Novice: 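I'd like to ask you about the structure that follows.
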Amino acid sequence: MELSLETLPIPDGLRDQYYAAGIRSLYPPQITCVDEGLFLGRNLIISIPTASGKTLVAEMAMHHHIASGGKCLYVVPLKALASEKYDDFSGKGVKIGIATGDFDRKDELLGRSDIIVATSEKVDSLLRNRTGWISSITLLVIDEMHLIGDEGRGATLEMVIATMRNRNQNLQVIGLSATIGNPKELAGWLSAGLVQSDWRPVDLREGVYYKGSIRFDGSKREVASLKKDADTNLCLDTIQEGGQALVFVSSRRNAEGAAKRIASALGLEEPALNRIADQILENDESGVAQALALCIKKGAAFHHAGLSRDARKLVEEGFRKGTIRVIASTPTLAAGLNLPARRVIINSLHRFVPGEGQVAIPVREYRQMAGRAGRPGLDPYGEAVLIGKSESAVKELFREFICAPAEEIDSQCAKKSVLLSRILALVASNEATDNDAILSFFSGSFYAFRHRNLSYLTRICTRVTRELEEMGMVVDLGSRIEATVFGELTSKLYLDPRSSVMIQTAFHERETVTPFGILHLLCATPDMFRLFLRSADEELIEHVIEEQGEEILIGEGEHLFSWLGYDDFYQAIKTAIVLQDWIGEVSVEMIAERYSIGPGDIHGLVDGIGWLVHGARELCRREMPAHLQIIADLELRIRHGVKEELLPLIRLRGIGRVRARSLFNSGYTTPGEIRDAGVEKIARIVGQKTAESIIQEIQNKEIGKRSGNQSGNLESGEKREKKKRPRYDGKVNDETRLDRGDASTRRKSGQQRILDF
DNA sequence: CCGTAACCGTTGTAGACAGCATGTC
DNA sequence: CTACAACGGTTACGG
C-alpha cells in the first residue's frame with residue numbers, strides 16, 4: 001500500500017520540506033496512524049520500534065494542529081532529547097520553544113511558540129504554577145511513553161498526562177512508545193487507537209556469538225578470531241566491512257576497559273581522530289578525558305555519565321560523522337540520543353541493583369539497545385549480538401531475551417513516596433481540594449484503569465494526606481483541604497516534601513549553621529543524587545567526622561526521617577566533602593582524581609546541589625530568616641565554585657571565578673579597594689573594558705546605597721564582619737512551623753562514630 | 001630467571017529531572 | 001544485603 005504525501009492534510013510548506021529531504025511516501029506503520037485517525041483528533045498510542053518514523057508522525061500531526069490555530073506540547077524524558085527534538089522541528093515554518101530546567105525563557109513568553117518541547121518534570125512544574133498557555137494546548141505528544149512504568153520518574157509522566165487531560169477536554173494525545181507487553185491497556189486508558197507493528201526501515205537480525213560465530217535464527221556467521229575477546233573480534237569484523245559498532249556494557253570500568261582493548265586492536269591513525277582527541281583535552285584534563293583521548297586517537301571511544309558535557313558531545317558527533325568507529329557505552333546511550341550503528345554488541349544483560357545484586361535487565365531494555373542497530377539509509381541491515389559463554393547460555397539468551405515478549409508496564413503512582421509530592425501538588429495547585437476530589441483525580445489515572453479496585457489506593461491516599469498534615473504541608477479543614485504557605489512553597493519549588501521537612505527541621509533547631517552542615521543536610525535529602533561509598537572512603541569520612549562532625553545538622557537513622565537510611569547518611573557525607581572541595585576552589589581535575597569520579601559527575605552534583613540550595617534559601621526566607629544570609633552566600637559560592645573570601649567580588653557583573661581570584665590575589669579583595677585602585681591598575685588584571693564597567697557598577701551601587709535605597713544587593717566589602725541583617729518582609733506563619741519531636745535527642749547528632757560499612 | 005596460567009580473596013557496581021536570574025575567559 | 005566480574009596478589013609450573 002502506497003500513500004502519497006499529496007493526500008495528507010499537512011501544510012504545503014512542510015510537504016515541500018519532506019520532498020526536499022527525499023521523503024516521497026509513508027512507511028506502513030505511519031499509514032496505519034493516518035487510518036487510525038491521526039488527523040481526526042483521535043488519541044493514539046503508537047508502539048513501534050525505534051527509528052521507524054514516530055517523530056515524523058508526531059510532526060505531521062503537530063503541523064496539522066498549528067495550521068488550524070492549535071498549539072502543541074512535545075514531552076520528552078531527557079534534556080538532551082529536548083534539544084535534539086528542538087533541532088529536528090526547527091526550520092519548518094513554525095515557532096519552536098524549548099522548556100527544560102536549565103534552558104528556558106520566561107515561562108509565559110514560551111506561550112508564543114507553536115510547538116513547545118519540554119521535559120516531563122518541567123511540564124509538571126508549569127502545571128503546578130498554573131502557567132497560562134498550558135490550557136491552550138490542543139495536542140500533547142508523549143515521547144517514550146512507556147516510561148510511565150519507570151520507578152523513579154514514571155509517576156510524574158502519568159500525572160502530567162492525567163492533569164493535562166483533566167484540564168482540557170478536547171486535547172488530542174499521541175503517545176509514542178517502545179514495544180511493551182500491554183500496549184492495549186495504555187490505549188484503553190486514553191480511549192486511544194493503537195498502532196502496533198514490528199516493521200523497521202532496516203532489517204534487524206538478532207543473534208548470539210559463541211566460539212567464533214554468531215548464531216542467528218536459522219543462519220550462522222563466522223567471525224575471525226583475531227584477538228582474545230569476543231567483543232573486540234565482533235567490532236573488528238564490523239569495521240572491516242565498513243560499519244560501525246556500539247558496545248553496551250554494565251559498568252563504567254567495563255566501558256573504559258572495552259574501549260581501550262578495542263582501540264588498540266583497531267590501531268587507526270587519522271588526522272580527524274587526532275583532532276577529536278585534541279578537542280577532548282582542550283577544556284578538560286582529567287584522567288577520564290586523557291584515557292578517552294588516547295582511545296579516540298585509535299578509533300574507539302567510551303561513553304558514560306562521568307564524561308564532561310563537551311566530551312560526550314564530541315564522542316557523539318564523532319561517531320555520527322563516522323570518524324569514531326566504535327563506542328563502548330553504559331546504558332546512557334541506550335535510552336538517550338538517537339545514535340544508530342550497524343552492529344550493536346551487548347556484553348552483559350545484568351545490572352547491579354542495591355539489595356538484589358546482579359539482576360537481569362528487562363527485555364524492554366534489551367530491545368531498546370538492539371533497536372539501535374542499523375542506520376536507516378546507510379546500513380544494509382542491522383545486527384544485535386549477544387555474547388554467550390556456553391552452549392546452554394546461548395539457548396538461554398535466545399529464550400530469555402531474543403524470543404521473549406516485552407514486559408507489561410504498570411503505574412507507579414500508588415506508592416507513598418510519590419504520592420506525598422503528587423497529592424501536595426494537587427492540593428497546592430487547587431487541582432483537588434478535598435479527599436473526594438483527590439480520589440476522583442486518581443480515578444482518571446493509568447493506575448485506576450489497570451487496577452479496577454481502588455480500595456488500596458484510597459487507603460494509602462488518606463494515609464498520605466494525614467502525613468502531609470503532620471508535616472505541616474496541608475491543613476484538613478474538614479470540608480476542604482488547603483495547602484499551608486510551607487506546603488505551597490514546597491510544591492512550587494519542586495521539592496520533595498520530605499526534603500522540605502528535613503531542611504526546615506534542621507535549620508529550625510540550630511542557632512548556627514555552617515556551609516558543610518548545610519551541604520550535608522541537602523545531600524541527605526531524597527532529592528539529591530549521592531555518590532557511592534567505597535571502602536577507601538572510610539578513612540576520609542572518619543577523619544571529616546572528627547574534624548567537622550559538630551557541623552552536621554542531622555543524625556544517622558534519625559527517627560524523624562524514616563526514609564534516611566544508614567548508608568544515605570554516609571553517602572551524604574562523602575558527597576558533601578566533594579562539594580566542599582568545589583567551594584574551596586579545588587580544581588575539577590583534582591577533585592576527579594581525589595574521589596575517582598569524572599567531571600560529568602562533579603557537574604551533576606554541583607547542578608543538583610545548586611537547585612536544592614536555592615530551594616532551601618526560599619524556604620529559609622519564609623520560615624527561618626535568621627539563616628538566610630549564610631545560605632544565600634552558599635548558593636553563590638556553589639554557582640561559581642569559589643571560597644567565601646571572593647563573595648564580594650563575584651557579585652560584580654563580568655567577574656567570574658577566575659577574574660575574582662586574580663583580583664583577590666593581586667590585593668583587591670573588596671569592591672571598595674577596586675574603586676580606589678582605579679581603572680588603570682584593575683585593567684591590567686581583567687582588561688580595559690571589564691575594569692571600566694565594574695568600577696562604574698561599584699560607583700552606581702554606592703550612590704544607590706547613600707540615597708537610602710537598599711535594593712542594591714552589593715555587600716559593601718569594608719564592613720564584612722558587620723553582617724547585614726537578612727531582609728525579611730513577612731511574619732512567620734505559625735501553622736506552617738513544625739514543632740514536633742524532641743529536639744534535645746537530636747542536638748548532638750553529628751557526633752556519632754562511624755562504625756563500619 | 002622470567003613469563004604465564006591458575007587460583008583466590010577483595011572490591012566495586014547506571015543514570016541526571018527540577019528553581020531562578022543572567023552573564024565567563 | 002544481594003551476585004557478578006574485574007583486579008591484585010600469590011603460587012605453581014614450564015621453558
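Quick note on labels: first sequence line is chain A, next is B, and so on, each numbered from 1. Since this is a predicted model, take the numbers as computed values, not measurements.
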Novice: Has the side chain of A:Glu635 got a donor or acceptor atom sitting under 3.5 Å from an opposite partner on the base of B:dG19?
Specialist: yes
Novice: Can you see if the side chain of A:Ser348 gets near the phosphate of C:dC4 - specifically, an N or O under 4.0 Å from OP1 or OP2?
Specialist: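 Indeed not, no polar side-chain atom of A:Ser348 lies that close.
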Novice: Within the pair A:Arg653 and B:dG23, is there a side-chain N or O less than 4.0 Å away from OP1 or OP2?
Specialist: yes
Novice: Using only side-chain N and O atoms of A:Ser250, determine if any of them is under 4.0 Å from OP1 or OP2 of B:dA14.
Specialist: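 So the side-chain polar atoms of A:Ser250 never come under 4.0 Å of the phosphate oxygens OP1 or OP2 of B:dA14.
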Novice: With distance as the sole test, does A:Glu585 use its side chain to make a donor-acceptor pair with the main-chain N or O of A:Val642 at under 3.5 Å?
Specialist: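 No; judged by distance alone, with no hydrogens or angles, the pair does not exist.
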Novice: Going by purine N1 to pyrimidine N3 plus the second Watson-Crick contact, or the G-U wobble pair, all under 3.5 Å, which nucleotide sits opposite B:dC1?
Specialist: C:dG15
Novice: Measure from the side-chain heavy atoms of A:Arg253 and tell me the nearest of B:dT13, B:dG12, B:dA18.
Specialist: B:dG12
Novice: Can you find a side-chain donor-acceptor pair between A:Glu692 and A:Gln696 that sits under 3.5 Å?
Specialist: no
Novice: Do A:Ser499 and A:Asp527 meet the criterion of a side-chain donor-acceptor pair at a distance under 3.5 Å?
Specialist: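 Distance-only check passes for A:Ser499 and A:Asp527.
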Novice: Please confirm whether the backbone N or O of A:Ser429 pairs with a side-chain atom of A:Arg130, one donor and one acceptor, at under 3.5 Å?
Specialist: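 At least one qualifying donor-acceptor pair exists.
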Novice: In the structure shown, which nucleotide is the Watson-Crick or G-U wobble counterpart of B:dT11, with both distances under 3.5 Å?
Specialist: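 Pairing partner, where one exists within any strand: C:dA5.
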Novice: Examine B:dG12: is either OP1 or OP2 under 4.0 Å from a nitrogen or oxygen in the side chain of A:Ser535? Give yes or no.
Specialist: yes
Novice: With heavy atoms under 4.0 Å as the rule, sort A:His350 into base, sugar-phosphate or nothing.
Specialist: nothing
Novice: Let me know, please, whether A:His640 or A:Arg530 comes out on the 5' side of the other along DNA chain B by nearest nucleotide.
Specialist: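 Closest to the 5' end, via its nearest nucleotide, is A:Arg530.
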Novice: Identify whether any heavy atom of A:Gly355 sits under 4.0 Å from a base atom; if not, whether one sits that close to sugar-phosphate; answer base, sugar-phosphate or nothing.
Specialist: base
Novice: Applying side-chain hydrogen bond (donor to acceptor under 3.5 Å, both in side chains) to A:Arg534 and A:Ser596, what does each step give before you reach the verdict?
Specialist: CA-CA 10 Å; A:Arg534 269 171 290 158; A:Ser596 331; 3.3 Å; yes
Novice: Any chance the side chains of A:Glu158 and A:Ser411 put a donor and an acceptor closer than 3.5 Å?
Specialist: yes
Novice: Between C:dT2 and B:dT13, how far apart are the C1' atoms? Round to whole Å, please.
Specialist: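 Straight-line distance between the two C1' atoms is 12 Å.
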Novice: Let me know, please, whether A:Arg351 or A:Gly615 comes out on the 5' side of the other along DNA chain B by nearest nucleotide.
Specialist: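 First, find each residue's nearest nucleotide; the 5'-ward one identifies A:Arg351.
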Novice: Heavy atoms under 4.0 Å, any strand shown: does A:Leu495 hit a base, just sugar-phosphate, or nothing?
Specialist: nothing
Novice: B:dC25 pairs with which nucleotide, Watson-Crick or G-U wobble, both distances below 3.5 Å?
Specialist: none
Novice: Could you measure between the two C1' atoms, the one in C:dC1 and the one in B:dA18, and give it in whole Å?
Specialist: 32 Å
Novice: Quick check on B:dG19: is either OP1 or OP2 less than 4.0 Å from any side-chain nitrogen or oxygen of A:Arg617?
Specialist: no
Novice: Please list, in numerical order, the residues of residues 654-666 of chain A that have a heavy atom closer than 4.0 Å to any atom of DNA chain B.
Specialist: A:Gly654, A:Ile655, A:Gly656, A:Arg657, A:Val658, A:Arg659
Novice: If you check the A:Gln358 side chain, which of B:dG19, C:dC4, B:dC17 turns out closest?
Specialist: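 Shortest atom-to-atom distance from the side chain points to C:dC4.
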Novice: Between C:dA5 and A:Ser251, is there an OP1 or OP2 to side-chain N/O distance shorter than 4.0 Å?
Specialist: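 Negative; the distance criterion is not met.
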Novice: Just to be sure I understand the rule, does A:Val359 reach a base, reach only the sugar-phosphate, or reach nothing, if contact means heavy atoms closer than 4.0 Å?
Specialist: nothing
Novice: With a non-hydrogen cut-off below 4.0 angstrom, is A:Pro354 in contact with a base, only sugar-phosphate, or nothing?
Specialist: base
Novice: In whole Å, what is the span from the NZ atom of A:Lys228 to the P atom of B:dT4?
Specialist: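 Atom-to-atom, A:Lys228 to B:dT4, this comes out as 11 Å.
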Novice: When all nucleic acid strands are considered with a 4.0 Å heavy-atom cut-off, which category describes A:His304: base, sugar-phosphate, or nothing?
Specialist: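 If one applies the 4.0 Å heavy-atom cut-off, A:His304 turns out to touch the sugar-phosphate alone, with no base involved.
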Novice: Under a 3.5 Å distance rule, please check whether A:Arg153 uses its side chain to pair with a backbone N or O of A:Ser120 as donor and acceptor.
Specialist: no
Novice: Check every atom of B:dT13, B:dA18, C:dC7 against the side chain of A:Lys122 and return the nucleotide holding the closest atom.
Specialist: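 For the A:Lys122 side chain, the nearest candidate turns out to be B:dA18.
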Novice: Would you say A:Lys79 places a side-chain N or O within less than 4.0 Å of OP1 or OP2 belonging to B:dC17?
Specialist: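 Checking B:dC17 against A:Lys79, a side-chain N or O does come within under 4.0 Å of OP1 or OP2.
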Novice: CZ/A:Arg498 to CE/A:Met473 distance, rounded to the nearest 0.5 angstrom?
Specialist: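 Between atom CZ of A:Arg498 and atom CE of A:Met473 there are 11.0 Å.
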Novice: Is a donor from one side chain sitting under 3.5 angstrom from an acceptor on the other, for A:Thr131 and A:Asn129?
Specialist: no
Novice: With a 4.0 Å cut-off on heavy atoms, is A:Asp124 in touch with a base, just the backbone sugar-phosphate, or nothing at all?
Specialist: nothing
Novice: Given B:dA14, C:dC1, C:dC4, identify the nucleotide with an atom nearest to the side chain of A:Asp567.
Specialist: C:dC1
